Amino acid sequence: MTASDGNDANGSSTSTRKDLESPTLNTFKGQFTFEDNANIETKQDNRWSFDKKKRVLIKSMYLSIFAIFGALLRIMLAQLFGEECKNPGTVGWLKAGQPLCVTADGDTSVEGGIIFADLPANLLGSFIMGLMQSTTVLDLPKPMAVAWLGDDNPFQSWDVIHLAIRTGFCGSLTTYSSWNSEMVVMMLGAGQDTGSLVFRGLLGYLIGVETALASFVLGKNIASYLHSVINPVLRVEAEETRTKKERGVFINTELPDFERRYLSDFNMGGYQIHINPGAIENLSRWKESTELYRRVGNDKLAILTDIEYRAIVMGESLDDHMAVSARECGWEIEALERWVTLRHELYLGDRGMADSEFRFIPACIIFIIIIALLFAGVEFLDHDDEYAITYRTMLYAALLAPGGALLRWRLSKLNGKISGVFNWLPIGTFIANVTASIISACMLGVELRYYGKVGFWKLGSARAAKIGFAGSLSTVSTFISEVAGFLKSPNPVRAYLYVSLSLGSTCACATIFYSLVSMGVEKNVYY
């Protein structure tokens, strides 16, 4: 699948789609983002009545908040697993504890650089991204924004928070640029005169991809398992769905529970009590007239699914094109219309949930408070001791994290927008990772060139840009989710092409820019 950090790839809650004004038919996939409904001004309810710009600002503020927490957690994990071991006494919150000396930053003077500093963060972020996948991504029957929760859980409708977790938190917790920079530093032999460690660096790339992919798959598997435990009825339906799909039967998952089960010949189970013989006769006639067309590959399948969505889900009249197409196929369109009229008088046990409306003022207050606290920390931690410098750099990096995350989110809109041979390429994610890798390499070179020669604001800005902005602009969680999507697609070779193109491009660009910026610096001078 493609991102969208939100690109992310990443899934939102179920919603209504736009009115069908033209005969162009696009089968609804059971998910939405705010942008998909950008032209919607009003609806019969008040879910879309608030201003579009406010909606974008609300999403941006929550995404920024979660990006700050993700970046801070990434920094703390790097400190816990390696930084305190390389520079003892620099991480105040670890001085009374025991650091876990298992990672390094690529400096060839430090053993273990192949287990790069941000590996733990990348593993955790990829796992959470896998855990937060929707049922659509997991090939489960009923569209749900978060697979491991019940279909009536209020969190299913918190679409803004879903975006903030996937794109903001996971995208900033994981970092592609820092990982790439560490491998480049290792391959160039930065540090003492131990020379280049090209093969270690290449193995570090391999380990980074494979471990993150394994963590993502583990998160998806746990989500699928929890889904089956929490939703036992849907577990049975999932088993029936797999059996029918093997026989080439198409399951219209966008329909409400009752119609989805009845039209697909599923075991109605507890829904049997809702069957009214007088009313169900109409749905039965529609089912019998369309049964032959519910096959994967049938050229009338798209029009059938659109008719059912418009009539049953939207409760709207069919346009002339739909009605003519249905009559040409011999479908009992009048029976469907009578069923739609009667179903409103029946209690069918549907538990559709409206999307939660997150208000502007609370989001703004929370965002301002967090930004103010970060600014205060950067300003007042004006001391020369190692602890103060460490904390100050952390907060400074966190301040720049929202900028990187928001830019990545906007770049994700480019995914699927290019034409030609590479129209499958998630170009937005690719651009974000390449750009962030260049920025990270340049800032790393700046640190190497000016370490010990300038004050905090110059050197600290370079570090904050590398860790905060570039670290959050790049993403491993979305990158890996896209790779996993390609592996499940009919053309899995695209996964290997995408990985090779991304790693090759970022490694080459970072090597060039790092070498240019650090050119002429003595080899044994390394921060």
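None of the values given here were measured: they were computed from a predicted structure.
Checking side-chain atoms of Thr478 against main-chain N and O of Thr475 turns up no donor-acceptor pair under 3.5 Å. Formation of a donor-acceptor pair under 3.5 Å by the Asn153 side chain with backbone atoms of Leu149 is not found in this model. Between the side chain of Thr174 and the backbone N or O of Ser477 there is at least one donor-acceptor pair closer than 3.5 Å. A donor-acceptor distance shorter than 3.5 angstrom exists from the side chain of Asn415 to the backbone of Gly428, with no hydrogens or angles considered. Side chain of Gln156 to backbone of Ala145: a donor-acceptor contact under 3.5 angstrom is found. Side-chain N or O atoms of His162 include one that pairs as donor or acceptor with a backbone N or O of Phe155 at under 3.5 Å. Distance alone, capped at 3.5 Å, is enough to place a donor-acceptor pair between the Arg392 side chain and the Val378 backbone. With hydrogens and angles ignored, the 3.5 Å screen pairs a side-chain donor or acceptor of Trp148 with a backbone N or O of Leu131. A side-chain donor-acceptor contact under 3.5 Å links Thr135 to the backbone of Met144. When atom types are taken as modelled, the side chain of Thr506 and the backbone of Leu503 share a donor-acceptor pair closer than 3.5 angstrom.
Residues Ser515 and Leu188 come closest through the heavy atom pair OG-CD1, 3.9 Å. Across all non-hydrogen atoms, the minimal contact from Ala465 to Leu400 is N-CD1, 3.7 Å. Pairing each heavy atom of Ser215 with each of Leu123, the nearest pair is CB-O, 3.4 Å. The two atoms that bring Asn180 and Ala510 nearest to each other are ND2-CB, 3.2 Å, heavy atoms only. When all heavy atoms are compared, the tightest approach of Glu447 to Ala462 is CG-CB, 4.3 Å. Minimum interatomic distance between Leu63 and Ala405 (heavy atoms only, all atoms of both residues): CD2-CB, 3.7 Å.
Side chains of Ser177 and Ser474: a donor on one and an acceptor on the other come within 3.5 Å. There is a side-chain donor-acceptor pair under 3.5 Å between Ser440 and Ser181. Between the side chains of Thr175 and Asp118, no donor-acceptor pair is found at a separation under 3.5 Å. Side chain to side chain, Tyr176 and Asn122 fail the donor-acceptor criterion of an N or O pair below 3.5 Å.
Within the model, atoms CG of Leu73 and CG of Leu77 stand 4.5 Å from one another, a figure rounded to the nearest 0.5 Å. Between the CD atom in Glu482 and the OG atom in Ser502 there is a gap of 8.5 Å [rounded to 0.5 Å]. Taking CG of Leu373 as the start and CD1 of Ile368 as the end, the distance is 12.0 Å to the nearest 0.5 Å. Between the CD1 atom in Ile128 and the CG atom in Leu124 there is a gap of 4.0 Å [rounded to 0.5 Å]. How far OG of Ser437 is from CG of Leu444: 12.0 Å, rounded to the nearest 0.5 Å. Taking OG from Ser64 and CH2 from Trp409, the interatomic distance works out to 9.0 Å, rounded to the nearest 0.5 Å.
Contact check for Arg74 versus Ile467: side-chain heavy atoms found under the 4.5 Å cut-off. Counting heavy atoms from C-beta on, the side chains of Met394 and Gln79 come closer than 4.5 Å. Residues Ser518 and Arg449 form no side-chain contact, since every pair of their non-hydrogen atoms from C-beta on lies 4.5 Å or further apart. Contact of the Trp179 side chain with the Tyr205 side chain is registered, since non-hydrogen atoms from C-beta on lie closer than 4.5 Å. Side-chain atoms of Leu487 and Leu213, non-hydrogen and from C-beta on, do get closer than 4.5 Å to each other. No side-chain heavy atom of Arg55 sits less than 4.5 Å from a side-chain heavy atom of Ile58. Looking at Leu411 and Phe430, their side chains never come closer than 4.5 Å, going by heavy atoms from C-beta outward. With a 4.5 Å cut-off on side-chain heavy atoms, Ser461 and Met443 do not count as touching.
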Would you sort out whether Met76 and Leu80 count as a side-chain contact (heavy atoms from CB on, under 4.5 Å), showing the intermediate values? CA-CA 6 Å; Met76 294 176 68; Leu80 173 64; over 6 Å; no
Test side-chain contact (heavy atoms from CB on, under 4.5 Å) applied to Arg410 and Leu406, step by step: CA-CA 6 Å; Arg410 300 313 300 176; Leu406 290 171; 5.6 Å; no
Working for side-chain contact (heavy atoms from CB on, under 4.5 Å), residues Gln133 and Phe216: CA-CA 10 Å; Gln133 294 300 296; Phe216 178 78; 3.9 Å; yes
I'd like to know whether Cys364 forms a side-chain contact (heavy atoms from CB on, under 4.5 Å) with Met61, so could you lay out the CA-CA distance, the side-chain angles of the two residues, the decisive distance to 0.1 Å, and finally the verdict. CA-CA 7 Å; Cys364 192; Met61 286 187 286; 4.0 Å; yes
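Sparse packing is recorded around NZ of Lys458, with 12 or fewer heavy atoms of other residues, nucleotides or ligands lying under 6.0 Å away. More than 12 heavy atoms of other shown residues, nucleotides or ligands fall within 6.0 angstrom of atom OH in Tyr498.
Asp159 and Lys59 are not joined by a salt bridge, as no carboxylate oxygen comes within less than 4.0 angstrom of a charged side-chain nitrogen.
Residues that satisfy the ring pair (Phe, Tyr, Trp, His ring centres under 6.0 Å) test with Tyr396, not counting sequence neighbours, are Trp457.
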